[in-house]
Colleague: 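My structure is below; once you've seen it, I'll send some questions.
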Amino acid sequence: MTQSDAQHEQHPRSIKSFVLRQGHMTPAQQRAIDENWPRFGLDFQHAPVDLNAAFGREAPKILEIGFGMGTATAEIAKRLPEKDFLAIDVHGPGVGNLCKLMAEQDIANIRVMRHDAVEVVETMLPDACLSGIHIFFPDPWHKKRHHKRRLIQAPFVAKLLPKLKSGGYIHLATDWEEYAVQMLEVLSSFPELQNTAEAYAPTPAYRPETKFEARGKRLGHGVWDLVFEKR
């Protein structure tokens with residue numbers, strides 16, 4: 001363990017899954033939250049949550065951290081109706097847009113949280129409750145002096161792993177090659193995780209192209225998926 005990792009473990013609140021940015025909530029997005037939160041929303045609580053009760057059924061549970069505007073999340077949920085998705089983000093416009101998409105498209109297998117995902121993982125998720133974890137295109141923090149702010153680092157992955165069932169998976173994606181290398185190094189450092197590919201994985205059929213991915217391709221960036229399974 002490096003000194004940096006030790007500092008993160010001693011001060012777990014220094015890990016954040018988000019950076020607050022100003023975003024304009026449209027009337028339609030706010031209305032979608034107001035009208036649909038009782039059905040689709042899940043409020044933060046300082047106690048473990050019964051995910052089967054929250055979704056009203058027993059099914060594999062997938063955690064998605066940082067869903068942006070929710071378009072890809074809604075599409076994945078439609079492609080995988082046999083699974084339930086706990087989608088967490090802090091940005092109001094995205095939360096509102098995802099609630100709007102769910103209402104318009106009658107998507108019932110997503111529950112939305114507007115909270116720091118790190119605190120949700122630490123406080124609300126029982127061990128071995130997840131069959132999968134999706135983190136797509138997290139902020140790459142391009143400048144080297146900001147790399148410490150990246151979400152995918154060993155201390156955070158160490159918090160996630162107990163929540164994942166044996167045989168469950170972590171699926172990451174980025175359009176920033178240097179961050180992809182870091183992701184590969186971080187996940188490969190955990191003996192309880194096994195890479196499903198030699199290095200980077202083919203994009204699974206359930207993951208649609210996101211606006212970030214399309215933007216990256218326009219800029220000439222590659223896109224890298226990583227899929228690791230828990231032994």
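Since the model is a prediction, treat every value here as computed from it, not as a measurement.
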Colleague: Give a yes or no answer on whether the side chain of Gln194 reaches the backbone of Lys230 with a donor-acceptor pair at less than 3.5 Å.
Modeller: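 Such a contact is absent between Gln194 side chain and Lys230 backbone.
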
Colleague: Quick check on the 6.0 Å ring-centre criterion: do His171 and Phe136 meet it?
Modeller: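 Ring centres of Phe136 and His171 closer than 6.0 Å.
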
Colleague: Taking NZ, NE, NH1 and NH2 as the nitrogens, is one of them in Glu209 or Lys217 under 4.0 Å from a carboxylate oxygen of the other?
Modeller: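 A salt bridge is present here (some side-chain N lies under 4.0 Å from a carboxylate O).
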
Colleague: Do Asn97 and Thr71 come close enough that some side-chain heavy atom pair is under 4.5 Å?
Modeller: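 In short, these two side chains touch, coming nearer than 4.5 Å.
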
Colleague: Begin from the C-alpha positions of Asp106 and Arg39 and carry the test salt bridge (Lys or Arg N to Asp or Glu O under 4.0 Å) through to its verdict.
Modeller: CA-CA 11 Å; Asp106 195 25; Arg39 179 183 174 195; 3.4 Å; yes

Colleague: Heavy atoms only: give me the nearest Ala32-Gly96 pair and the separation to one decimal.
Modeller: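 Heavy-atom minimum between the residues: CB-O, 3.4 Å.
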
Colleague: Of all the heavy-atom pairs spanning Phe228 and Ser188, show the shortest one and how long it is.
Modeller: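 Smallest heavy-atom distance, with atoms named: CZ-OG, 3.6 Å.
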
Colleague: Please test Asp225 against Leu172 for side chain to side chain contact (heavy atoms under 4.5 Å, CB included), starting from the C-alpha separation and ending with a verdict.
Modeller: CA-CA 6 Å; Asp225 285 78; Leu172 310 179; over 6 Å; no

Colleague: For Ala87 and Leu98, work out which heavy atoms get closest and say how close.
Modeller: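 Closest approach of Ala87 to Leu98: CB-CD2, 4.1 Å.
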
Colleague: Looking at Asp127 and Lys163, would you say the former's side chain and the latter's main chain have a donor-acceptor pair under 3.5 Å?
Modeller: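 Between the backbone of Lys163 and the side chain of Asp127 there is no qualifying donor-acceptor contact (under 3.5 Å).
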
Colleague: Quick one: does any side-chain atom of Gln45 pair with a main-chain N or O of Pro48 as donor and acceptor, under 3.5 Å?
Modeller: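 Checked: pair present.
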
Colleague: Do Met124 and His46 make a side-chain contact, defined as non-hydrogen atoms from C-beta onward lying under 4.5 Å apart?
Modeller: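 No, side chains not in contact.
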
Colleague: Closer than 4.0 angstrom, basic N to acidic O: yes or no for Arg57 and Asp84?
Modeller: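 Looking at Arg57 and Asp84, the cut-off is met.
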
Colleague: Can you check whether Gly68's main-chain N or O pairs, donor with acceptor, with Asp89's side chain at less than 3.5 Å?
Modeller: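 At least one qualifying donor-acceptor pair exists.
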
Colleague: Is there a side chain to side chain contact (heavy atoms under 4.5 Å, CB included) between His221 and Glu177? Walk through the geometry before answering.
Modeller: CA-CA 8 Å; His221 297 173; Glu177 184 174 12; over 6 Å; no

Colleague: Partners of Phe40 by side chain to side chain contact (heavy atoms under 4.5 Å, CB included), sequence neighbours excluded?
Modeller: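 Once residues adjacent in sequence are excluded, the partners of Phe40 under the side chain to side chain contact (heavy atoms under 4.5 Å, CB included) criterion are Asn36, Met102, Ala103.
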
Colleague: Tell me, do Arg207 and Glu213 make a side-chain contact under 4.5 Å, heavy atoms counted?
Modeller: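 Heavy-atom side-chain distance check passes, below 4.5 Å.
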
Colleague: Determine whether the aromatic ring centres of His91 and Phe67 lie less than 6.0 Å apart.
Modeller: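 Not close enough - the centres of the two rings lie 6.0 Å or further apart.
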
Colleague: Could you check whether any side-chain N or O of Asp175 sits under 3.5 Å from a backbone N or O of Val223, counting only pairs where one atom can act as donor and the other as acceptor?
Modeller: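 Side chain of Asp175 to backbone of Val223: no pair is present.
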
Colleague: Closest heavy-atom contact between Ala158 and Phe190?
Modeller: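 Between these two residues, the closest heavy atoms are N-CZ, 3.8 Å.
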
Colleague: Just checking, is any N or O donor in the side chain of Thr73 or Glu64 under 3.5 Å from an acceptor N or O on the other one?
Modeller: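 There is such a pair between these side chains.
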
Colleague: Is there a donor-acceptor contact under 3.5 Å from the side chain of Ser189 to the main chain of Val186?
Modeller: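 Yes: the side chain of Ser189 pairs with the backbone of Val186.
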
Colleague: Dump the intermediate steps for side chain to side chain contact (heavy atoms under 4.5 Å, CB included) on Lys78 and Tyr206, then the final yes or no.
Modeller: CA-CA 9 Å; Lys78 290 191 295 183; Tyr206 60 75; over 6 Å; no

Colleague: Does Leu86 offer a backbone N or O that forms a donor-acceptor pair with the side chain of Arg111 under 3.5 Å?
Modeller: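 Such a contact is absent between Arg111 side chain and Leu86 backbone.
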
Colleague: If we ignore hydrogens and angles and just use 3.5 Å, is the side chain of Ser166 paired with the main-chain N or O of Arg231 as donor and acceptor?
Modeller: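 Yes, Ser166 side chain to Arg231 backbone: donor-acceptor pair under 3.5 Å.
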
Colleague: Between the side chains of Lys100 and Gln29, is a donor N or O closer than 3.5 angstrom to an acceptor N or O?
Modeller: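 Gln29 and Lys100 do not have a side-chain donor-acceptor pair below 3.5 Å.
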
Colleague: Hey, are the side chains of Ser131 and Lys61 touching, using non-hydrogen atoms and a 4.5 Å cut-off?
Modeller: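 They are not in contact (no side-chain heavy atoms under 4.5 Å apart), so the answer is no.
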
Colleague: Between Tyr169 and His134, is any pair of side-chain heavy atoms under 4.5 Å apart?
Modeller: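 Yes, close enough: below the 4.5 Å cut-off.
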
Colleague: Do Ile135 and Ile152 have side chains that get closer than 4.5 Å, going by heavy atoms?
Modeller: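 Side chain of Ile135 against side chain of Ile152, heavy atoms only: contact under 4.5 Å found.
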
Colleague: Within 45° of the ring axis of Trp141 and under 6.0 Å from its six-membered ring centre, is that where the NZ or CZ of Arg150 lies?
Modeller: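 Judged by the rule (NZ or CZ under 6.0 Å from the ring centre, within 45° of its axis), Arg150 is not positioned above Trp141.
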
Colleague: Determine whether His115 and Val90 make a side-chain contact, defined as any pair of heavy atoms from C-beta on separated by less than 4.5 Å.
Modeller: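 Sidechains of Val90 and His115: no contact.
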
Colleague: Tell me, yes or no, whether the heavy-atom count around Glu58 atom CD, taken from other residues, nucleotides or ligands under 6.0 Å, exceeds 12.
Modeller: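 At most 12 heavy atoms, drawn from other residues, nucleotides or ligands, come within 6.0 Å of this atom.
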
Colleague: Sub-3.5 Å donor-acceptor pair from the side chain of Glu229 to the main-chain atoms of Asn195, do we have one?
Modeller: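 No; zero donor-acceptor contacts below 3.5 Å.
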
Colleague: Quick one: does Ile88's side chain get under 4.5 Å of Leu63's, heavy atoms only?
Modeller: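 Yes. Closest side-chain heavy atoms under 4.5 Å.
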
